[in-house]
Structure formats: C-alpha cells, structure tokens
Asks: 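Pasting a structure here, questions to come.
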Number of protein chains: 2
Amino acid sequence: MAQMERRPDIAVRLKAAGLRPTRQRTQLAGLLFTGHDRHVTAESLAEESARAGIKVSLATVYNTLHQFEAAGFLRQVVVDAARSYFDTNTGDHQHFFVEDEGLLIDIPGEQIRVSGVPEAPAGLAVDRVDVVVRVKRP
Amino acid sequence: MAQMERRPDIAVRLKAAGLRPTRQRTQLAGLLFTGHDRHVTAESLAEESARAGIKVSLATVYNTLHQFEAAGFLRQVVVDAARSYFDTNTGDHQHFFVEDEGLLIDIPGEQIRVSGVPEAPAGLAVDRVDVVVRVKRP
DNA sequence: TCATAGATTAGAATTATTCTAAACTAGTTG
DNA sequence: CAACTAGTTTAGAATAATTCTAATCTATGA
Ligand SMILES: [Mn+2]
Ligand SMILES: [Mn+2]
Ligand SMILES: [Zn+2]
Ligand SMILES: [Zn+2]
C-alpha cells in the first residue's frame with residue numbers, strides 16, 4: 001500500500017480489502033499511509049492518534065493493525081521480545097534496530113544480500129528471510 | 001560454553017561467572033549444556049526440569065536463564081512476539097524458524113553470508129546481524 | 001559452627017495483548 | 001428516507017509471559 005495519500009483512495013482500498021471505511025480505520029490509515037514509510041507499535045500509534053485528536057480505543061488500534069496486516073497493508077516486524085512493531089513498508093527490505101531507543105530504520109532490499117541459505121528442512125518452504133542489524137552506542 | 005559436560009566442570013564455570021553453584025543452577029546447567037546445542041523457552045525448560053525430577057520454581061528458571069545469558073553461556077533469540085527463546089549455541093550462527101511449531105533450527109555461521117550491510121547510522125555501531133529464515137508447510 | 005551475602009520461591013504485580021458482550025454505525029433494502 | 005442488520009467499536013475483564021516482593025533458605029568463608 002505504497003501511496004494511500006488521499007482519503008477517497010483510502011476508502012476504496014479499505015473496501016477492496018473487505019473492510020468498511022469507518023471513521024477509526026480511515027483516520028488511522030491517514031496517519032499510517034500518508035507520507036513516508038513508518039514503523040509503529042500499538043502503543044505508539046494510539047498515542048499519536050490521541051495527539052492528533054483521533055478518538056479510538058486501544059482495542060481498535062490492535063484490531064486495525066491486525067486487519068491491515070491481514071490485508072497486506074502492513075507487516076509485522078519481530079525484533080523486540082517486549083512489543084510488536086508494524087511496518088508500512090511491505091516491500092522487500094531489512095532493518096537496523098537501535099536497541100536502546102526501540103527504533104527501526106529501513107535498509108533497502110536491493111542493498112543487502114543473504115546468500116548460502118540452506119535448503120529448507122524436508123516438508124517446509126522458505127516463507128521469508130529477515131535480517132536485523134542490531135546497533136548500539138559504541 | 002561449548003562443552004559443560006561434567007558436573008565438577010559446571011561448578012567451576014559457574015563460579016568463574018560469579019554464580020554460586022547451587023543445586024538449581026547446577027541441575028539446570030546439566031540439562032542445558034550436556035550434549036548438543038539446544039533452544040529452550042522458560043516454559044519448556046521448566047517442564048523438562050519437572051520431568052527430570054528437578055525441583056525448581058519458574059521464577060528461578062527465569063532468573064537462571066538471564067544469569068546464564070549475562071554470563072555468556074546462553075544467548076537470546078528473538079523470533080516470536082509471544083515468547084523468548086534461549087540458545088546454548090553462543091557462536092556465530094543463524095536460524096530457521098518453523099513458525100507453526102515454534103521450532104528453531106541452527107544454520108552454521110559459515111554457511112550463510114550477509115553482504116551489503118550499510119554503515120551503521122551516525123553514533124552507532126553494529127552489535128550483531130541476525131538472520132531468521134522463516135519456514136512453513138507449503 | 002556461625003554469620004551472612006547471595007539464592008530460591010510462592011504468590012502478587014506488571015505489561016502487552018486478546019477476549020467478551022453490549023452499544024454503535026455503514027451500507028443495504030424497501 | 002426509515003428500518004434493518006452485519007460488521008465495528010469499545011470498556012473492561014481476561015490471559016499469558018515475565019518480573020517483582022519479601023520471606024525463607026543455603027553456600028561458603030571465618
Ligand atoms: Mn497478532
Ligand atoms: Mn508479554
Ligand atoms: Zn521497515
Ligand atoms: Zn541456535
């Protein structure tokens with residue numbers, strides 16, 4: 001869902017995914033998909049919504065994040081045992097993770113290469129290859 | 001902590017790490033470091049301990065896993081938002097993660113290569129590069 | 001054997017997330 | 001437009017992994 005810039009467009013895309021363009025979903029999509037790619041947690045998106053004057057419960061933020069993920073608008077990134085991140089960039093790319101700040105930074109997919117991945121164990125197929133470059137203050 | 005096979009050896013290594021070789025720590029180390037490398041969760045290790053007749057609380061399992069990690073005997077692997085895995089293989093290697101089963105399988109470090117990792121953002125240094133190959137039933 | 005710093009533990013607390021079930025609303029139908 | 005209803009939102013309860021508390025134990029050196 002690269003450019004979900006315009007509101008009417010948002011409604012169309014939500015419908016196409018079988019999701020009613022409710023006020024909450026439309027406004028959350030507005031935060032998430034207007035402008036550049038972003039990485040959010042349920043908590044961070046809820047806080048941002050509150051600051052933006054969007055009235056939405058935390059339960060709905062969770063529901064919406066999962067629905068957007070199922071629709072392919074978001075993808076989950078597992079880097080921290082404590083909380084889940086959602087990424088508006090669903091294309092092929094990887095991440096720096098700044099552990100102390102809980103901050104994710106994109107690494108373009110073309111830039112990084114993983115080779116020598118062995119064949120998947122019998123009966124299994126590779127779903128995706130995730131690379132996390134953990135960085136710290138030296 | 002590649003070979004912690006003998007009990008006397010375990011005590012020595014625990015002491016070297018500033019940890020008293022208590023019954024619980026010694027027995028948990030016996031489970032973890034005897035034989036091949038393994039991947040455990042707090043829950044799985046607690047269950048295994050119970051089956052083995054080791055009397056230890058879940059709180060102590062958590063404490064011990066974290067102390068062993070701090071001592072460099074274990075390392076944490078973040079692959080699942082729901083729970084934390086600990087790996088007795090602290091050397092350079094990567095993982096297959098079988099999502100449906102919650103199973104981790106080692107990929108030797110020499111086998112897999114990551115190239116094109118961009119320079120870390122200003123003020124930060126690369127701590128480690130984690131690769132997770134997520135596999136599924138096709 | 002004592003003293004004591006360190007360790008264990010039951011149970012309470014915390015935290016992220018999910019669930020429940022009641023109130024609401026978008027979209028359809030008449 | 002009014003009525004209907006399936007889908008949605010939400011407060012609050014529930015869950016589950018993990019951590020904390022503070023009371024009881026134990027490894028160890030004197
Ligand atoms: Mn989920
Ligand atoms: Mn949790
Ligand atoms: Zn990203
Ligand atoms: Zn491993």
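Note: hydrogens, waters and symmetry copies are ignored here, and every other heavy atom, side chains too, is used.
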Asks: Mind checking side chain to side chain donor-acceptor pair (under 3.5 Å) for B/Ser84 and listing every partner two or more places apart, or none if nothing turns up?
Replies: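 By the side chain to side chain donor-acceptor pair (under 3.5 Å) rule, B/Ser84 matches B/Gln76.
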Asks: Separation of A/Leu28 atom CG from D/dT10 atom P, in whole Å?
Replies: 9 Å
Asks: Whole-Å distance between D/dT9 C1' and A/Leu65 CG?
Replies: 15 Å
Asks: Not counting sequence neighbours, list each pair that qualifies as a salt bridge (Lys or Arg N to Asp or Glu O under 4.0 Å) and has a residue in residues 46-61 of chain A.
Replies: A/Arg38-A/Glu48
Asks: Output the rounded distance in Å from CG (A/Asp80) to P (D/dT18).
Replies: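 After rounding, the gap between these two atoms is 12 Å.
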Asks: Which Ile, Leu, Val, Met, Phe, Trp or Tyr residues join A/Phe97 in one cluster when any pair of side-chain heavy atoms under 4.5 Å counts as a link?
Replies: A/Val77, A/Val79, A/Tyr85, A/Leu104, A/Val132
Asks: Using atom NE2 of A/His66 as one end and atom P of D/dT8 as the other, report the distance to the nearest whole Å.
Replies: 16 Å
Asks: Please report the distance, rounded to the nearest Å, between OH in B/Tyr62 and P in C/dT14.
Replies: 17 Å
Asks: What pairs with B/Ala46 under side-chain contact (heavy atoms from CB on, under 4.5 Å), at least two apart in sequence or on another chain?
Replies: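 For B/Ala46, the residues satisfying side-chain contact (heavy atoms from CB on, under 4.5 Å) (neighbours in sequence not counted) are B/Leu58, B/Val61.
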Asks: In the 5'-to-3' direction, what one-character label does each nucleotide of nucleotides 4-10 of chain C receive under the scheme B = base within less than 4.0 Å of a protein heavy atom, S = sugar-phosphate only, - = no such atom?
Replies: -BBSSBS
Asks: My understanding is that a hydrophobic cluster links ILVMFWY residues whose side chain heavy atoms are under 4.5 Å apart, including indirect links. Using that, what else belongs to the cluster containing A/Val78?
Replies: B/Val78
Asks: Give the nucleotide from the list D/dT18, D/dT19, C/dT17 with an atom nearest to the side chain of B/Ala42.
Replies: D/dT18
Asks: Looking only at side-chain N and O atoms, does B/Asp106 offer a donor or acceptor that is under 3.5 Å from a partner on B/His39?
Replies: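 Short answer, yes.
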Asks: When the distance from CD1 of A/Ile54 to P of D/dT8 is rounded to whole Å, what number comes out?
Replies: 18 Å
Asks: At under 4.0 Å between heavy atoms, what does A/Thr41 touch on the DNA or RNA strands: base, sugar-phosphate, or nothing?
Replies: nothing
Asks: Could you check how far CZ of B/Arg83 sits from P of D/dA17, rounded to whole Å?
Replies: 7 Å
Asks: Tell me every residue that passes side-chain contact (heavy atoms from CB on, under 4.5 Å) with A/Ile105, counting only those two or more places apart in sequence or in another chain.
Replies: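 Applying side-chain contact (heavy atoms from CB on, under 4.5 Å) to A/Ile105 gives A/Phe96, A/Val98, A/Leu103, B/Pro121.
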Asks: Round to a whole Å and report the spacing from CD of A/Glu43 to C1' of C/dT18.
Replies: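 My rounded result for the distance is 15 Å.
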Asks: Between the axis at one end of the helix from C/dT1-D/dA30 to C/dG30-D/dC1 and the axis at the other (five pairs apiece), what's the angle to 10 degrees?
Replies: 20°
Asks: Just by distance, with hydrogens left out, do A/Asp87 and A/His93 show a side-chain donor and acceptor under 3.5 Å apart?
Replies: yes
Asks: Taking side chain to side chain donor-acceptor pair (under 3.5 Å) as the test, write out the residues that go with A/Arg23, two or more places apart.
Replies: none
